[in-house]
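Values below: every heavy atom of this structure, side chains too, minus hydrogens, waters and symmetry copies. Note that the numbering runs from 1 along the sequence shown for the chain.
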Amino acid sequence: MLKATLRGFLAHKGRLLLSALAVVLSVAFVAGSLIFSDTVARTFDRLFASTSADVTVSPKKQIDTALPSGETPTVPAALAAQLARVDGVAAARVDAAVSNITIIDAHDKAVGPTTGGPTIATNWYVTRRSPVKLTSGHEPRGPHEALLDKDTADKKKVRIGDTLTVLAGPGSFKVGVVGIATFTTTNPGAALVFLDTPTAQSRLLGNPDAATGISVDAAPGVSDDVLKQRVADRLGGRYELKTAAEQATSDAAQLGGFLDVIKYLMLGFAGIAVLVGIFLIVNTFSMLIAQRTRELGLLRALGADRGQVRRSVLLEALLLGLAGSTLGLAAGVGLAVGLIALMSLFGMNLSAAEMVFNWPTPVAAYAVGVGVTFVAAYLPARRAAKVSPMAALVDAEVAGAGRPLRVRAAVGALLGAAGAASLAGCAASTRASTAVSLLGLGLVLTLIATVVAGPLLVRPVIRVLGGAFPTVFGPVGRMSQRNALRNPRRTGATASALMVGIALVTGLSVASTSMSKSFDQQIDRVLGADFVIQNANFQPFPQEITERIRATQGVGTVVRQRFAPVRVTLPDGKKADTTASGYDQRLDDVAHLTYAGGGTAQALAADGLAMDKTYAHDHDVRIGDSLPVLFSSGQQARLNVAALTDMNQGSGGFATEGALFMGLPTLERYVPGGQDAAVYVNAASGTPADRLRAALKTTLNSYPQVQVRDQSDYKKLVHDQIAVLLYLVYALLGLAIVIAVLGVVNTLALSVVERTREIGLLRAIGLSRVQLRRMIRLESVVIAVFGALLGLALGMVWGVAVQQVLALQGLTAFAVPWSTIVAVAVGSAVVGLVAALLPALRASRMNVLAAIAHE
C-alpha cells in the first residue's frame with residue numbers, strides 16, 4: 001500500500017500542484033510575518049539595550065490617554081547635580097527631548113519623515129551609548145547652532161551652513177546647521193536635530209530649569225538594580241525610575257503596537273489563504289478520489305481494508321502538506337526580505353543579513369501547511385474508504401454525484417437559523433459589547449451555513465443564470481449549463497472559494513460606505529465653521545500659529561480647541577482616564593451642538609463641564625453633580641456637570657470616552673501653557689470664504705504642519721482614513737480571488753480529465769475545438785458568477801449587521817456601494833473566463849481517438 005500510495009502521488013503530482021500553491025501562500029504569510037516581526041523586535045531590542053542609560057529618571061505618568069495634548073512632562077534639571085552626588089553614580093546628565101516639533105528649511109518645506117516617523121529635537125552630549133556620532137562639522141555651541149542626522153540631511157538635501165527653523169511649543173527659532181551626525185545603530189525612521197543643553201531647555205521646554213528626564217550612569221562595579229535603589233532612596237517615590245533593561249522593555253512594548261499591526265495584518269492574509277485553500281484542497285481530493293473509484297475498488301478487491309485506503313489518501317495529503325510547507329517556508333523568507341526592503345523606504349534601516357529565524361517559525365509553518373491539508377483531506381479520505389470492491393468491475397461515474405442532499409439541507413438550515421438569530425439579536429441589542437459578540441457569532445454561523453447549503457442552491461440558481469445559454473449558444477450552451485449542474489457538491493465547493501472573498505469585501509464596503517455617509521451627515525449637522533486649521537497628524541501646534549491666524553485679514557470668529565488628559569471620579573466609583581476638550585466662549589458660532597440638558601454657555605462657564613448623556617446615564621451622573629477631576633499637571637479640581645450633550649448628533653470634535661469638554665479658561669487654570677489641537681475660523685462680515693482661504697494659506701505658508709480645511713476638505717479627510725481599511729479589504733479580496741481562480745482552474749482541469757472519453761465522443765460526432773473551448777468557458781463563468789452572487793448576498797447581510805453595530809456609536813446612516821457591487825459581479829465573470837483558458841485549451845488539443853479509448 002505504501003508503494004501504491006507513493007506511485008499514486010507521483011502520478012497525480014501535476015493535478016495536486018494548484019492545491020499546493022494554496023498551501024504555499026498561506027504558509028508564506030505565516031512564516032514571513034513571524035520572521036519579519038522577530039527581526040524588527042530583535043533589532044530594536046539591541047538598539048534600546050545599547051542606548052538606554054543605566055538608570056533613567058522621568059516624570060510619573062498619572063493619566064493614560066490616547067489623544068496628544070501637546071504637554072511635555074518635565075522634572076527639575078537640578079536633579080542631575082543632586083544625583084551626581086549619590087554613591088555609585090559615575091555621571092548624571094540632563095535630557096531635554098521633545099517630539100511635538102516641526103523643522104522647516106529656507107523654502108518653508110518640512111525637514112523630517114513623510115512616512116509617519118517622528119521628528120525629535122534633543123540636547124547633544126556624547127556617551128558610550130549614543131546612537132549617533134559626529135561625522136562632520138562640530139558640536140552645537142550656543143542658541144543658534146544645531147546638528148542634523150545624516151539620513152535626514154541626505155534625503156532633504158540639507159548641508160552644513162544651511163539655516164533651519166524649529167517650530168516648538170514655546171515658539172519658533174532659527175538655527176544654523178554646524179554638523180552632521182551619523183547613526184551607529186538602526187535608524188528607527190526618525191529625524192533628529194541636536195541643540196546644546198541650555199538651548200534645548202529654554203527653546204524646547206520653555207524653562208531653563210526643566211528637563212524631560214535625567215540619565216544616570218553607574219560607577220564600575222555597581223549594578224543597575226543597586227543604583228536604582230540608591231537613586232530611589234534619594235528621590236523618594238516622586239519620579240519614575242527604570243534600569244536600562246526596564247527602559248528597553250518599556251520602549252519595546254511601545255514598539256509592539258506597530259509590530260502587532262503588521263503581524264496581524266499578514267496573519268489575516270494567511271487566514272484568508274487558509275480558508276479559501278481548504279475549499280480548493282477538499283475539491284481536489286474529492287475529484288481525484290472520484291476519478292480513481294475503479295482503482296480504489298481494485299485495491300479493495302486485492303485485500304486492502306478501509307483503514308488502509310483511508311490512510312493512503314491521508315498520506316498523499318501529508319506529502320502535499322510537507323511539500324507545500326517547505327516551499328511556503330522558503331517563500332516566507334523571501335517575503336520577509338521584501339518587507340525589510342520596504343521598511344527602508346519608510347526610513348527604518350533594517351538589515352536582511354541580521355534576519356531572525358526562531359524555532360517557532362518553522363513549527364508554525366509546518367503546523368499550518370500540514371494541518372490544513374490533512375484536515376481538508378479527511379472527509380474525501382473517509383469517502384475513499386467506503387468505495388466497494390465491486391466498483392472495480394463497473395464504470396462508475398462520479399462518486400456521490402447523485403446522492404441526496406438531505407443531510408446538508410438539515411445542517412445548513414440549522415446553522416443558518418442560528419446565524420440569523422445571532423444577527424437579529426445584534427441588530428436589536430442596545431449595548432455595543434453584546435452587539436459585537438452576537439455579530440461575530442452570526443458571521444461565523446452564516447458563513448458555515450452558506451458553505452454547507454451552497455450545493456442546494458446550485459440547481460435553482462444556475463438554471464436561472466444559464467437559462468439564456470441554450471438560446472444564445474445553442475447545444476454548446478445547454479451542455480455547459482448541464483455540466484455545472486452535474487455535481488452540485490463540486491460546483492458549490494468551487495464557488496465557495498470565490499464566495500468567501502467577495503462576502504468579505506461586500507460586507508466591509510457596505511460598512512465603510514455607511515460610515516462615510518454617517519460622518520458626512522454629522523459634519524454637515526455639527527460643523528458650522530468656515531474653516532478648521534489642524535495639524536496633518538492631529539498633533540497640537542504652538543500658540544504662535546494661532547496668533548498668526550488671528551492677525552490674518554478677513555478673519556472674524558476664532559475658537560480654539562485644546563486637549564487635556566484627565567482622570568474623572570464618577571458617582572458609581574469608576575475612575576475614567578480620558579481626554580477632555582477645552583473651547584473658547586463662542587463655540588456656538590462654529591459648531592451646532594444639541595443638548596439633552598443645559599447648553600453651551602453653562603458648559604463653558606467657570607468650573608463647568610459637559611458630558612455625553614449616554615455616558616452620564618451609564619455612570620449615574622446628573623446635571624448639577626460635582627465631580628473630582630485630576631489633570632495631567634497634577635492639579636485636582638471639582639467641576640460641575642452643567643450640560644449633557646446628545647452624541648447621536650455629533651460632538652463637534654474628537655469622540656473620546658464621555659465626550660467631556662469645558663471652557664478654555666477653566667482648562668488653562670489647571671493646565672497652563674498648553675497647545676491648540678484645532679482652530680475654528682469664521683470669515684469676518686463682508687469677506688468671501690475663498691478670499692479668506694487664500695489669506696490663511698498665505699499666512700500659514702511658513703507652517704507646513706497645519707492645513708486649512710473647509711467642510712468638503714474635512715469630509716475628504718475622513719473618507720481617506722476609511723479608504724485605508726478598504727484598501728486592506730481589496731488586498732484580501734485579491735488574494736482570495738487568486739486562490740479561487742486556482743480552485744476553478746483545478747476543478748475544470750480535473751473535470752476535463754474526468755470527462756476525457758465524453759469529450760472524445762463529442763469531438764467524434766462533430767463538436768469543433770472552438771465549440772469545446774466555449775463550452776468549458778461558459779461552465780467556468782456560470783460557476784464564478786454563482787459564487788459571486790452567494791458572496792454578494794452574504795456580504796450584504798453582514799454589512800447591514802455591522803451597520804447596526806455602528807449605529808450604537810451614533811453612525812446611523814446606511815449606504816450601499818452599488819458601483820463596487822456591479823464591479824464585483826462583472827469581475828466574477830472575467831475571473832471565470834480567465835480561469836477557463838488553460839483547461840479549455842488543453843481539452844481542445846486532445847487526440848480524439850486517444851480520448852475515446854481512455855479508461
Point to revise | Residue pairs, two or more places apart or on separate chains, that pass ring pair (Phe, Tyr, Trp, His ring centres under 6.0 Å) and touch residues 596-620 | key: Y615-H619
Exercise for review: Output yes when K715 and D520 qualify as a salt bridge under the 4.0 Å nitrogen-oxygen rule, no when they do not.
Suggested key: no
Exercise for review: Kindly give the heavy-atom pair with the smallest separation between I120 and A190, and that separation in Å.
Suggested key: CD1-CB, 4.3 Å
Review point. Could you go step by step and tell me if V671 and V566 meet the side chain to side chain contact (heavy atoms under 4.5 Å, CB included) rule?
Key: CA-CA 10 Å; V671 188; V566 296; over 6 Å; no
Study note, to complete from the structure: Taking every heavy atom of Q543 against every heavy atom of G674, the minimum-distance pair comes out as NE2-O, 3.9 Å
Check your understanding: So do the side chains of L498 and L790 get within less than 4.5 Å of each other, counting heavy atoms only?
Key -> no
Practice item. Indicate whether any N or O donor in one side chain lies under 3.5 Å from an N or O acceptor in the other, for S172 and E544. Key: yes
Practice item. To the nearest 0.5 angstrom, please state how far the CZ atom of F541 sits from the CG atom of N100. Key: 12.5 Å
Exercise for review: State whether the number of non-hydrogen atoms from other residues, nucleotides or ligands found under 6.0 Å of R622 atom CZ is greater than 12.
Suggested key: no
Review point. Any side-chain heavy-atom pair from V629 and M662 closer than 4.5 angstrom?
Key: no
Review point. In this structure, are over 12 heavy atoms from other groups packed under 6.0 Å from Q585 atom CD?
Key: yes
Point to revise | Candidate list D108, T552, I533, test side chain to side chain contact (heavy atoms under 4.5 Å, CB included), partner L700, passing option | key: I533
Revision key, fill the gap. Distance col, row M499:CE vs L792:CG, nearest 0.5 angstrom, shows 11.5 Å
Review point. Just wondering, do T506 and S509 contact through their side chains at under 4.5 Å, heavy atoms?
Key: no
Review point. Quick one: does V532's side chain get under 4.5 Å of V679's, heavy atoms only?
Key: no
Revision key, fill the gap. d(R548 CZ, T698 OG1) to nearest 0.5 Å is 10.5 Å
Review point. Considering only heavy atoms from C-beta outward, does the side chain of V621 approach that of L570 to under 4.5 Å?
Key: yes
Review point. Got a salt bridge between K574 and D618, using NZ or NE/NH1/NH2 to carboxylate O under 4.0 Å?
Key: no
Review point. Looking at Q561, R560, R562, which one forms a side-chain hydrogen bond (donor to acceptor under 3.5 Å, both in side chains) with D676?
Key: R562
Exercise for review: Would you check if Q539 and Q675 make a side-chain contact, meaning some heavy-atom pair closer than 4.5 Å?
Suggested key: no
Check your understanding: Are side-chain heavy atoms of W798 and L508 found at a separation under 4.5 Å?
Key -> no
Practice item. Could you give me the CA-CA distance, side-chain angles and deciding distance for Q522 and L811, then say whether side chain to side chain contact (heavy atoms under 4.5 Å, CB included) is met? Key: CA-CA 9 Å; Q522 286 195 0; L811 305 177; 4.0 Å; yes
Check your understanding: Does the pair V555 and R550 meet the rule for a side chain to side chain contact (heavy atoms under 4.5 Å, CB included), with working shown?
Key -> CA-CA 7 Å; V555 168; R550 289 186 191 278; 5.8 Å; no
Point to revise | 4.5 Å side-chain heavy-atom contact, H592 and V526 | key: no
Point to revise | Polar side chain donor-acceptor pair, S429 to T434, under 3.5 angstrom | key: no
Exercise for review: Of all the heavy-atom pairs spanning A191 and P113, show the shortest one and how long it is.
Suggested key: CB-CD, 3.5 Å
Practice item. Check side-chain hydrogen bond (donor to acceptor under 3.5 Å, both in side chains) between S712 and all other residues, then give those that pass, not counting sequence neighbours. Key: D710
Practice item. Go through the side-chain N and O atoms of D607 and Y670 and say whether any donor and acceptor fall under 3.5 Å apart. Key: yes
Practice item. Please name the pair of heavy atoms, one in A659 and one in D612, separated by the smallest distance, quoted to 0.1 Å. Key: CB-CB, 4.0 Å
Exercise for review: Look up atom CG in L717 and atom CD in Q534, then write down how far apart they are to the nearest 0.5 Å.
Suggested key: 7.5 Å
Exercise for review: Ignoring hydrogens and angles, tell me if any N or O in the side chain of S518 forms a donor-acceptor pair with the backbone of A813 under 3.5 Å.
Suggested key: yes
Practice item. Measure the acute angle between the ring planes of Y680 and Y583, then classify it against the limits of 30° and 60° as parallel, tilted or perpendicular. Key: tilted
Check your understanding: Who are the side-chain contact (heavy atoms from CB on, under 4.5 Å) partners of P704, not counting sequence neighbours?
Key -> I104, A110
Review point. Just how far is it from atom CG of D589 to atom OG1 of T557, taken to the nearest 0.5 Å?
Key: 4.5 Å
Revision key, fill the gap. Heavy-atom nearest pair, N682 first then D530, reads OD1-N, 2.9 Å
**Study point:** V510/Q803 under side chain to side chain contact (heavy atoms under 4.5 Å, CB included): CA gap, chis, key distance, verdict
**Key:** CA-CA 8 Å; V510 170; Q803 192 276 332; 5.5 Å; no
Review point. If you look at every heavy atom in T513 and A815, which pair is closest and at what distance?
Key: CG2-CB, 3.5 Å
Review point. Q804 side chain to C426 main-chain N or O, any donor-acceptor pair under 3.5 Å?
Key: no
Point to revise | Distance (rounded to the nearest 0.5 Å) between T699 OG1 and I545 CD1 | key: 11.5 Å
